[in-house]
Amino acid sequence: MVDKNKCIGCGTCVQLCPVGAISFDDDGKAVIDPNICIKCGTCEISCPVQAIKINY
């Protein structure tokens with residue numbers, strides 16, 4: 001769901017996720033917990049580098 005090569009670790013997705021499903025890994029890249037994610041698309045739309053793709 002997160003393209004680690006594109007993610008710049010800006011934190012926009014982390015701040016906007018309504019259920020807190022996104023965190024950072026040790027490399028400072030976004031990680032989405034599929035057990036929490038409700039697939040609302042907020043992170044995908046808000047990512048400035050289009051690093052997130054939701055599999056609906």
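For the atom pair SG of Cys10 and CD of Gln15, the computed distance is 8.0 Å after rounding to the nearest 0.5 Å.
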Test log, rule side-chain contact (heavy atoms from CB on, under 4.5 Å), inputs Ile22 and Val31: CA-CA 6 Å; Ile22 309 172; Val31 177; over 6 Å; no
Worked verdict on Cys43 versus Ile32 for side-chain contact (heavy atoms from CB on, under 4.5 Å): CA-CA 10 Å; Cys43 58; Ile32 300 173; 4.2 Å; yes
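Under the side chain to side chain contact (heavy atoms under 4.5 Å, CB included) criterion, Ser46 pairs with Thr12, Leu16, not counting sequence neighbours. Under the salt bridge (charged side-chain N to carboxylate O under 4.0 Å, His left out) criterion, Lys6 pairs with no residue, sequence neighbours left out. Here Asp25 pairs with Lys4 under the side-chain hydrogen bond (donor to acceptor under 3.5 Å, both in side chains) rule; sequence neighbours left out.
Linking Ile, Leu, Val, Met, Phe, Trp and Tyr whenever their side-chain heavy atoms come within less than 4.5 Å puts Val2 and Phe24 in one cluster.
Other cluster members for Ile45: none, since no ILVMFWY side-chain heavy atom sits under 4.5 Å from it.
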Please tabulate, for the side chains in residues 49-56, all donor-acceptor contacts under 3.5 angstrom to protein atoms that are two or more places apart in sequence or on a different chain.
unit_1 : atom_1 : unit_2 : atom_2 : d
Tyr56  : OH     : Glu44  : OE1    : 3.3

For residues 33-42, tabulate all N or O donor-acceptor pairs below 3.5 Å that involve a side-chain atom, not counting sequence neighbours.
unit_1 : atom_1 : unit_2 : atom_2 : d
Asp33  : OD1    : Asn35  : N      : 2.8

